[in-house]
Amino acid sequence: MPVGLPEFVENPENRCPVVLLLDTSSSMSGQPIQELCRGVGVFKEDVLRDTKASLSVEVAIVSFGPVELIQDFVTVDQLTPPKLEADGYTPMGEAVEYAIDLLDGRKEVYKTNGIQYYRPWIFLITDGAPTDVWQNAAQRIREGEAEGKFAFFAVAVEGADLATLKQLVPLERPPVLLNGLDFQSLFVWLSASMKRVSSGKVGEVLALPPVGWGQITT
Amino acid sequence: MGWKAVARSAIGTGHQKQGLPCQDYGGDRIFNHLLIGAVADGAGSAQYADLGAKLAVTTAIAHLASTEIWLRQRQRSWQKLQQPFSQRQAERLFVSTLKRVLYVFRQQADRGGYTISELACTLIAFMVTPYWIAAMQIGDGSIVVRSQFRKEYQLLFKPDKGEYFNQTTFVTSSNAFADLRVQVLAQQPKFICAATDGIERVAFRLQDWTPGQPFFKWLEEYMQETENPQTEDECLIRLLESQELNRQTDDDKTLLLCLYN
């Protein structure tokens with residue numbers, strides 16, 4: 001009888017990509033931007049507590065405006081919470097399209113390297129209204145959602161143009177209005193959700209934790 | 001001379017934490033030189049996935065066995081067939097197997113007052129003689145074969161993955177018949193390993209689905225050296241329940257091992 005265990009094949013971890021799409025227009029300056037940065041730090045710490053999630057969850061950070069890749073995809077342990085500066089307009093449409101392209105590129109990297117991955121998330125946080133043309137972005141979000149290419153979440157900070165946001169996001173997942181500046185609870189929720197996604201079972205319909213940090217706007 | 005086989009499942013740590021039962025099942029039936037085997041992985045989203053997996057395996061095996069029994073009553077047998085049957089014949093046989101599984105599912109669901117999707121599971125089933133293997137697969141999981149005169153282990157069907165890690169097709173899916181894959185291999189099968197997807201991370205190089213030669217060699221040696229694998233199964237159970245394996249997956253795991261001696 002053979003002894004011990006057979007030699008296992010070593011494969012890379014499955015990936016669970018998420019793009020944080022952060023509004024850094026001038027209206028976010030002061031306390032909002034500070035709380036947002038702190039929230040990203042909380043997210044990192046919380047994901048790191050889960051061994052499997054910390055190896056799987058990959059984060060990229062895109063700020064707007066202007067649209068800038070602050071952090072390309074890294075696993076959470078490699079993530080340095082960014083120092084964001086709020087200054088500029090709100091080119092939300094451009095930012096959304098940038099994020100979708102970024103994800104497409106990442107999927108190609110996964111495919112080339114034989115890495116399995118979960119449905120990616122795009123997580124938009126804004127307190128404003130788009131200052132650019134956003135209709136094309138809205139269409140790409142809806143198409144991408146319908147084809148299951150990604151899940152798009154919009155979080156509105158007080159002052160956000162909810163009417164426009166609602167037109168931007170898919171009907172079945174309306175924007176959530178953040179309670180005050182409670183970015184910490186928001187990012188703890190995002191971390192908890194990512195932990196669930198990264199331990200998902202075959203074919204399982206994912207139940208997300210309840211949203212305790214905001215109001216779902218319908 | 002004849003086949004020996006063993007099927008064992010172990011619950012995934014994820015299901016254990018959630019208080020769910022093991023939703024995998026595997027089984028086999030041996031008629032001297034003919035072996036019929038099946039494994040199934042119940043869908044996490046289905047309420048009676050454990051029952052579905054068990055019903056699918058037992059129904060598929062019983063259905064395939066009934067064809068052998070029918071032949072025997074006419075002094076014929078699958079095992080006398082040295083030339084494998086054609087791809088078309090195999091497709092007909094496995095389409096009828098799937099129909100039978102769905103029929104039994106419908107009866108079960110009607111009795112329980114739920115829809116058949118609550119029994120959703122993947123299914124791998126095969127018939128193998130010393131001359132050929134005919135196999136079917138719906139959804140993920142794997143069948144690896146080593147032929148008598150070859151060194152390499154070959155994967156019959158590349159796992160049927162959706163774009164994402166946690167997607168697949170089930171016997172109850174609307175596209176089950178379209179996604180049913182059938183293959184006949186006439187290469188004197190010596191060793192077969194059918195498994196649910198719980199073991200794939202450690203058994204295959206996922207980049208191109210190459211079977212890990214040392215992994216399958218170990219399983220074959222275990223079968224080689226085990227007189228009666230049904231009773232001497234500690235080795236296999238130790239593997240399925242090992243921390244080393246559970247570190248790589250929190251899913252249920254099933255192995256059905258068959259060796260011709």
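Reminder, nothing fancy here: chain letters follow the sequence lines and each chain counts from 1.
Interface remark: B/R247 contributes no atoms to any contact with chain A (heavy atom separation under 4.5 Å). When heavy atoms are compared at a cutoff of 4.5 Å, A/N11 approaches chain B by way of both its backbone and its side chain. For B/I199, no part lies near chain A; criterion is any non-hydrogen pair under 4.5 Å.
Once rounded to the nearest 0.5 Å, the distance linking CZ of B/R201 with CD of A/E10 reads 10.0 Å. Considering CD of A/E7 and NZ of B/K217, their distance stands at 11.0 Å, rounded to 0.5 Å.
The shortest non-hydrogen separation linking B/L245 to A/F8 is N-CE1, 3.8 Å.
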Indicate every side-chain donor-acceptor pair of residues 48-59 of chain B with a distance under 3.5 Å to a residue at least two apart or in another chain.
residue, atom, partner, partner atom, Å
B/T58, OG1, B/K54, O, 2.8
B/T58, OG1, B/L55, O, 3.2
B/T59, OG1, B/L55, O, 2.5

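Here B/V202 is the residue among B/D208, B/T210, B/V202 with the most heavy-atom pairs under 4.5 Å with chain A. For the set A/C16, A/P12, A/P6, the entry with the most heavy-atom pairs within less than 4.5 Å of chain B is A/P6.
Annotation: side chain of A/L5 is not in contact with side chain of B/W218 (no heavy-atom distance under 4.5 Å).
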